[in-house]
Amino acid sequence: MSIRVYNTLTRKKEEFTETGSTISIYVCGVTPYAHTHLGHARPSVVWDVIKKFLRYQEYQVFHVQNFTDIDDKIIAKANQEGKTALEVSNYYANDYLESMDALGVERADLYPKVSEHVNEVIEMIEALIANKHAYDVDGNVFFDVLSFPGYGKLSNQRLAELQAGTRFEVDPLKRSPMDFALWKKSKPGEPAWDSPWGQGRPGWHIECSAMSYKYLGAAFDFHGGGSDLIFPHHENEIAQFEGATCEPLARYWLHNGMLNLREEKMSKSQGNFVTIKDVLAKYPKELFRFYILSTHYRSELEYHDTKLEEVNRGWQRINECARKLSARVQGKTAEPVEVSGQEERLVAALEKAEAQFRDSMNDDFNTALAIAAIFDLLRELNGYLDRTDDGPASIYVLSQAYQLLQTLAGDILGILKSDDQNLGLGLTEPLMELLLDLRTQLRTEKQYQLADIMRNRLLVLGIVIEDTPQGSQWKIKDE
RNA sequence: GGCGGCAUAGCCAAGUGGUAAGGCAGAGCUCUGCAAAAGCUCCAUCCCCAGUUCAAAUCUGGGUGCCGCCUCCA
C-alpha cells in the first residue's frame, strides 16, 4: 500500500508518488524571539514521526527547517533588552533546539538562517524584478500580486475578496493593497544589508522561498507547517518561488492543525502560551508525544492543565506491557523454533498489528489509528503474558513482540519510556531482589501482615509491588 | 464581507456508501491471602431538517452551533 496524503494545494487526499530515493521535506520553522511554546511542539513531533515512519518504509529523507532570524519582533526585543538582534535570535534559536531535543525530536538535516542567506534572497528578488513580478519604490521592493495569475491558489482566495477584506492600514507605497514586501528599506538602528536597492533587509516570506530553492530545488516533496501559515505566508512563498524560478515549489503541502491552549489559539503575540520546558518539567516527553499523536495531525487539539493526566492511564498501559515483555525477555537468548498453538496465534497478532500500523500511517499519517493498532496488540500480548511459561517457544515469540513494540511505539512514535526510566539504577535492583525474596518467604509462611507492611512501606517510597503467578515484581510508581 | 475547517457515547478520538475502531471513566465477572496488574463481558446510530441511493455518520441542499485564516503566529 502506498502513502496517501491530504494536499492543501488540491484540497484532497492524493497518492504520494516518489521521484527519487530521497524524500525532501521543508518545514517552516520559527522566528526566534521568545521561548519555544507548546504550539511549536505539534509540527515538530508530527514531522519527527513522519520522518521516522518514512525511514521505516525504507525511504531516505532530507529535512530542512529554517530560522527566520531577521524580523521586526526580534529587532524590537533586541532594542528593549539592549542586545543585538543576532544575540536575541541566537538565544531563542538555541532554546528551540533544546526544546526539540527534550521532546525527543530528531534534528533536521539543515537549519538555514536568513541572516546567512541574504545573497540568495537578493538573487531571488532580482529574478522577480526581471520577471516583472516585483517593483522597487524608494529602496523598498514589493511583490506585485496582480502580476502573478496563480495568486490565491493555495489558500483558495480570490484577490478581489482579499482586498475587500483588508483591515489594516495599507502602505501607500504599494501599487495594490495585497502586495507584500520582499525587501524593506532599513530605518536607523536596524540591522541592514547592502543590496541593489540600498541598505535594507529581507521581508518576511522571501527567506523560505530562497532557502528552500537553494537546498531542495524546485518541486520538492513535502512542504509543511501550521495551518495558520497557509495565508499569507505559504501563499506568498509560492508566488515568490514560482514567479522567480518559473518552476513549482513543493508537490505536497501538509498543514497541521493548531494546538489551542484553554480553548484559545496559543500564540506568542497574545502572551497566551506555555513553554515546552514548563510542560516537560512536569511530565515525561513520551506522554506529551502520546497526547499529540492521539489525534490526527490535521485536527485541532485542545490543551489544558489536566489534559495529560487524562491520557496518562492509557499511555501507562502501553509502557506497562513493554516493561513486562522486557522483564521476560531480558538476558535470555531467543532461539528460533517452530511455533504452534497460542504461540502461532501470537505471531499472527504481531503480523496483524504491524500491518494495521503501517496501513494507518500510510493513510495520511493517521497516528490515532496507528495507536489503536497498538492497543489491539496490547490485549493479545497481555493475555498471552498471563498464560505462558518461559519455555523456548515463548521466549522466541515474546522477543519478537518486544522488538515490534519497541519499533512501532518506541522508535517511530517515541511514546515508550526508555528502560532506565522503568528500572532503578545501581544498588536498587539487587536490593529489591533481596526484599522480594524475603517477602516471598513471608508469604509462603502465610505471614501476610508482615508481607503487607513491606509492600505498603515500599509504596510510600514510590515502589509498587505486584504479585503475579510468575512471582512478585516491582516497578517505580509513576507520578 | 471572503476563504477554510469542525460538530460521532460522560470525556478524548478514528471512520468519505454497506448497517459505528481505539483509549479514559463506569458496571459486572475471572485470576488473587489481600492489593495491584491483566483478561473477559456490557456501555452510542453519529447536531437538526430535507433529498440522492437497494443501502449514508459517510454524498447533495438547507439550517444551527463552534473554530481558524484574511494582521505577527507552528
Side-chain angles (χ1 to χ4, degrees), chain A residues 8 11-13 27-31 33-34 36-44 46-47 65 68 71-73 96 152 155-169 178 204 224-233 235 255-260 263-270 273 290-291 294-296 298-302 307 309-318 320-321 323-324 356 360 363 366-376 378-387 443 446-449 451-452 455-456 459 464-469 472-473 475:
Chain A
T8 306
R11 283 178 290 281
K12 57 183 186 233
K13 230 186 253 187
V27 181
C28 276
V30 297
T31 301
Y33 73 96
T36 314
H37 65 65
L38 239 37
H40 298 127
R42 175 101 111 135
S44 311
V46 164
W47 281 101
Q65 187 168 322
T68 300
D71 176 88
D72 289 351
K73 293 182 296 298
Y96 176 84
S155 54
N156 196 27
Q157 308 271 354
R158 283 185 300 274
L159 259 179
E161 304 291 354
L162 280 170
Q163 289 175 18
T166 303
R167 301 195 309 244
F168 51 96
E169 216 179 302
M178 291 314 296
W204 174 33
S227 61
D228 53 346
L229 294 179
I230 295 172
F231 191 91
H233 184 59
E235 194 67 62
H255 290 97
N256 59 273
M258 294 294 101
L259 189 153
N260 298 326
E263 321 264 311
E264 259 176 75
K265 193 185 76 159
M266 182 178 321
S267 73
K268 286 183 274 193
S269 54
Q270 287 165 26
F273 69 91
F290 175 75
Y291 150 72
S294 296
T295 303
H296 184 90
R298 272 191 290 118
S299 306
E300 283 189 14
L301 192 51
E302 299 293 333
K307 200 73 197 193
E309 315 278 355
E310 285 166 23
V311 299
N312 179 55
R313 176 106 180 110
W315 174 71
Q316 293 288 1
R317 269 186 65 212
I318 300 174
E320 187 64 12
C321 183
R323 185 186 64 81
K324 284 179 183 170
Q356 271 180 13
S360 305
D363 187 6
N366 193 331
T367 52
L369 253 188
I371 287 174
I374 288 175
F375 276 111
D376 284 340
L378 239 47
R379 232 177 300 117
E380 295 289 336
L381 249 29
N382 282 326
Y384 178 78
L385 237 23
D386 280 346
R387 278 179 260 116
R443 292 176 66 223
K446 298 204 189 301
Q447 302 220 43
Y448 293 125
Q449 249 193 318
D452 286 351
R455 185 171 56 193
N456 287 335
L459 185 63
V464 181
I465 303 297
E466 289 172 3
D467 297 323
T468 77
S472 298
Q473 295 183 351
K475 62 179 176 185

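Note that this is a predicted model, so its numbers are computed, not measured.
- As rounded to the nearest Å, G22(B) and U64(B) have C1' atoms that lie 30 Å from one another.
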Could I get a table of every N or O pair under 3.5 Å where one atom is in the protein and the other is in nucleotides 64-66 of chain B?
none

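- For G15(B), one of the phosphate oxygens OP1 or OP2 lies less than 4.0 angstrom from a side-chain nitrogen or oxygen of Asn366(A).
- Across all their heavy atoms, Arg443(A) and Ala451(A) have their closest contact at CG-CB, 3.7 Å.
- A gap of 37 Å separates the C1' atoms of G17(B) and G28(B), to the nearest Å.
- Pair assignment for G17(B): none, as no Watson-Crick or G-U wobble contacts are both less than 3.5 Å.
- With both pairing distances under 3.5 Å, C40(B) is matched to G28(B) as a Watson-Crick or G-U wobble pair.
- Annotation: side chain to side chain donor-acceptor pair (under 3.5 Å) contacts of Asp71(A) (sequence neighbours excluded): Lys73(A).
- Of the charged side-chain nitrogens involved, none lies within less than 4.0 Å of a carboxylate oxygen, so that Lys307(A) and Glu302(A) do not count as a salt-bridged pair.
- With RNA chain B read from its 5' end, the first of the two nearest nucleotides for Phe290(A) and Ser227(A) is the one closest to Phe290(A).
- Between atom CD1 of residue Ile374(A) and atom CZ of residue Arg379(A) there is a gap of 13.0 Å, rounded to the nearest 0.5 Å.
- The partner of U64(B) is A7(B), judged by Watson-Crick or G-U wobble contacts that both fall below 3.5 Å.
- In this structure, His255(A) reaches neither bases nor backbone, as no heavy-atom distance under 4.0 Å exists between it and the strands shown.
- Atom-to-atom, CG of Leu301(A) to C1' of A14(B) comes out at 15 Å; the value is rounded to the nearest Å.
- Taking 4.0 angstrom as the limit, Ser299(A) places a side-chain polar atom (N or O) nearer than this to OP1 or OP2 of A14(B).
- For the P atom pair drawn from C48(B) and U41(B), the interatomic distance equals 31 Å after rounding to whole Å.
- Between A36(B) and A74(B), the distance separating the two P atoms is 47 Å to the nearest Å.
- Across all strands shown, G51(B) pairs with C59(B); the Watson-Crick or G-U wobble distances both stay below 3.5 Å.
- In this structure U71(B) sits in no base pair that meets the Watson-Crick or G-U test at under 3.5 Å.
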Polar-atom pairs under 3.5 Å, protein N or O versus N or O of nucleotides 57-59 of chain B: list them with distances, or write none.
none

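- The existence of a salt bridge linking Glu320(A) and Arg317(A) is excluded, since no basic side-chain nitrogen approaches an acidic carboxylate oxygen closer than 4.0 Å.
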What N/O pairs connect the protein and nucleotides 4-11 of chain B at under 3.5 Å? Give each pair on its own line.
residue : atom : partner   : partner atom : Å
G4(B)   : OP1  : Asn156(A) : ND2          : 2.5

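- G26(B) and G10(B) have their P atoms separated by 16 Å, given to the nearest Å.
- Remark: C1' of C72(B) and CG of Asp71(A) are 8 Å apart, rounded to the nearest angstrom.
- Shown here are the salt bridge (charged side-chain N to carboxylate O under 4.0 Å, His left out) partners of Arg455(A), two or more places apart in sequence or in another chain: Asp452(A), Asp467(A).
- Straight-line distance from the NE2 atom of His296(A) to the C1' atom of G22(B): 16 Å, rounded to whole Å.
- Separation of the C1' atoms belonging to U58(B) and A14(B) is 13 Å when rounded to the nearest angstrom.
- Heavy atoms of Leu369(A) sit under 4.0 angstrom from at least one base atom.
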* **Sugar-phosphate or base contact per nucleotide [nucleotides 33-46 of chain B; S, B, -; heavy atom under 4.0 Å]** => BBBBSSSS------
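- Rounded to a whole angstrom, the distance from the P atom of G23(B) to that of C40(B) is 10 Å.
- Leu229(A) has its CG atom 12 Å from the C1' atom of G68(B), to the nearest Å.
- Among all heavy-atom pairs drawn from Asn256(A) and Gly225(A), the shortest one is OD1-O, 2.9 Å.
- A57(B) and C47(B) are spaced 12 Å apart, taking the C1' atom of each and rounding to whole Å.
- Across all strands shown, Gly29(A) has heavy atoms under 4.0 Å from sugar-phosphate atoms exclusively, and none from any base.
- Residues Val30(A) and Thr68(A) form no side-chain contact, since every pair of their non-hydrogen atoms from C-beta on lies 4.5 Å or further apart.
- Between the CG atom of Asp376(A) and the P atom of G22(B) there is a distance of 6 Å, given to the nearest Å.
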